[in-house]
K.L.:
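Here's a structure for you.
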Protein chains: 2
Amino acid sequence: MAVGRLPDLADIEAARERIKPYAVVTPLIEHPALNAVTGGRVLLKAETLQRVGAFKFRGAFNAVSQIDRARYPGGVVACSSGNHAQGVAHSATLCGMASVIVMPSDAPKLKISRTRAFGAEVVLYNRATEDRDAIARKICDERKAAFVHPFDDPHVIAGQGTAGLELMAQAKAMGAMPDAVLACCSGGGLTTGVAIAVKAANAKTEVFTVEPAGFDEFQRSLVSGKRERNPTASGSICDALLSPMPGEITFALAQKFVTGGLVVTDEEARAAMRFAFLELKLVVEPGGAVALAAVLAGKLPTKGRTIVALLSGGNVDPADYAQIITG
Amino acid sequence: MAVGRLPDLADIEAARERIKPYAVVTPLIEHPALNAVTGGRVLLKAETLQRVGAFKFRGAFNAVSQIDRARYPGGVVACSSGNHAQGVAHSATLCGMASVIVMPSDAPKLKISRTRAFGAEVVLYNRATEDRDAIARKICDERKAAFVHPFDDPHVIAGQGTAGLELMAQAKAMGAMPDAVLACCSGGGLTTGVAIAVKAANAKTEVFTVEPAGFDEFQRSLVSGKRERNPTASGSICDALLSPMPGEITFALAQKFVTGGLVVTDEEARAAMRFAFLELKLVVEPGGAVALAAVLAGKLPTKGRTIVALLSGGNVDPADYAQIITG
């Protein structure tokens, strides 16, 4: 497997400068209620407060802003269930480029409407019967547009890694050195970008993927040493975390920098969303809550330790959210 | 009207040291979506992330921690519809003291259950037929307990003012000088405490109360020059902002430091809660959303200006919240 040069710390530092005028330096939040239930010091990197409501803006803007417009006059094309969609759409608009996003027809309505509101043309496809990559390739060819992969792209990974740079600096400013950093994981762009930055700041800090049960391709791949595929394509409430298998680049990085994988159930994700509503007053979507869920459900030791959990996104349909917080 | 020595900047600085080991230095959040709709720079002081989910912990802890235990062996008593209740209950528990909170029977269930969870004995009363002050006085006498007023107490005002110290320092660190600071206002403890700190940092920054329509006692009192009473005791969804009239101390401070009052409707408060859910991913209760509502509803000019709005609390019943975000 030849994946070319892997992104590194210098790429992430360059990405930080590129996204600086637009991205939010999201707060690293410490809440006494969370420390009390875990017996540790738990810091939350609130990417829910990022532009577009998810970390995806970081990688999308880093990639989109580097597209050669002469070569790609038709702008940018992406496939996404919703957060990368918004990140690419908004980045393209900020850069004065057109965007087409190929989204599954069963994506949350809020994500589809927000992607349109950020300026994209949305093309819906049937997740069960159509090939999204083929649809995207065809649009790229027809329009002379560039494709931005949701995770297996060095620029995207470097962009997501800026969250790792920030959280390590913020933790240091708070007098905290993380024993572990937990990232909500689908294709692995966030986890591996963050892992590069975290390991560069402190080699002893462990980095874990957190995935929903049934979509634990990273956990299994890290154990087996080869890229494993999930048995099904849908069936978790964590709509943002349904990638079929690790990327080539992200898996190569994960083997180098990621300690292991944690897995939570949908019910544990829901419980974390309710905790975030009741105690932290933060809106978190199901896929964005799995790292917090791993902490709350005791998937790793927390007592006396310092743990950073990323809250990766907050784009949840009001009706779904209403059901979860009242359920 | 003799109200004694008014609290000042030194009192707030002393309060800051007193609450430091327990209170959260809440983030001052800037979000591109909010800047975009207002055409200005709007910074949100997220007291929703404070211990107990509201700014009230600041003033409560500053007051409770100074109670003479030899004189008041029975601990502390307070009257509150819910956020001061939680602040006093939690502060008393942290200080190893007993607490009794007199709460209206129509207070949000979440606030009653959380007040109990923070360690208080809750005594419910009927807002229409019973005198809460008489009930509280009787308990104080019987138990040799100290009474902590929700707003008209120099220690409480000084504690709330620590939010003002923080937000001015945080704005400065972000390269921003606020043209105006907007505080959700009921009895005036938050507004006036914050106003002392804001004016000390920059005399030109204007401070406004924001109140729900029908409960705009500060707005009217500032205009008339004397303490005005609200016509009714209930009838707004802003359950935290139903004080009948300004306090003596808070009104004296408001006359000195507060520019004027803004008023929003319940529907504007609901719209702000929905905006906070959809765009900011922050849970805000009705009374905690009125300052943001004033910004969003154009109650003051925002274009090209820097405005700080306090999000004063996030303790809202899940069922009520579900209805508002889906409504």
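Note on naming: letters A, B, ... go to the chains in the order of the sequence lines (proteins, then strands), and numbering restarts at 1 for each one.
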K.L.:
Given that the side chain runs from C-beta out, which part of B/Arg114 has a heavy atom under 4.5 Å from chain A: side chain, backbone, both or neither?
P.N.:
side chain
K.L.:
Pick from A/Val24, A/Leu110, A/Val283: which one has the most heavy-atom pairs with chain B under 4.5 Å?
P.N.:
A/Val283
K.L.:
Please verify the inter-ring angle class for A/Tyr321 with B/Tyr321; under 30° counts as parallel, over 60° as perpendicular, anything in between as tilted.
P.N.:
perpendicular
K.L.:
Contact part of B/Leu278 toward chain A, heavy-atom cut-off under 4.5 Å: side chain, backbone, both or neither?
P.N.:
both
K.L.:
With sequence neighbours left out, which residue pairs that include part of residues 310-327 of chain A fulfil the salt bridge (Lys or Arg N to Asp or Glu O under 4.0 Å) condition?
P.N.:
none
K.L.:
Could you tell me which portion of B/Val284 (side chain, backbone, both or neither) has an atom closer than 4.5 angstrom to a non-hydrogen atom of chain A?
P.N.:
neither
K.L.:
Please identify, among A/Lys281, A/His31, A/Arg274, the residue contributing the most non-hydrogen atom pairs under 4.5 Å to chain B.
P.N.:
A/Lys281
K.L.:
I'd like to verify something: which residue of A/Pro318, A/Gly314, A/Ala319, A/Ala33 has the highest number of heavy-atom pairs under 4.5 Å with chain B?
P.N.:
A/Pro318
K.L.:
Counting a contact as any heavy-atom pair under 4.5 Å apart, which residues of residues 36-50 of chain B contact chain A?
P.N.:
B/Thr48, B/Leu49, B/Gln50
K.L.:
Side chain, backbone, both or neither: which part of B/Glu30 has a heavy atom under 4.5 Å from chain A?
P.N.:
backbone
K.L.:
Using a cut-off of 6.0 Å, state whether more than 12 heavy atoms not belonging to A/Gln323 lie near its atom CD.
P.N.:
no
K.L.:
For residues B/Ile325 and A/Ala322, report the shortest heavy-atom separation together with the two atoms involved.
P.N.:
CD1-N, 4.4 Å
K.L.:
Under a 4.0 Å threshold between the charged nitrogen and the carboxylate oxygen, would A/Arg51 count as salt-bridged to B/Glu279?
P.N.:
no
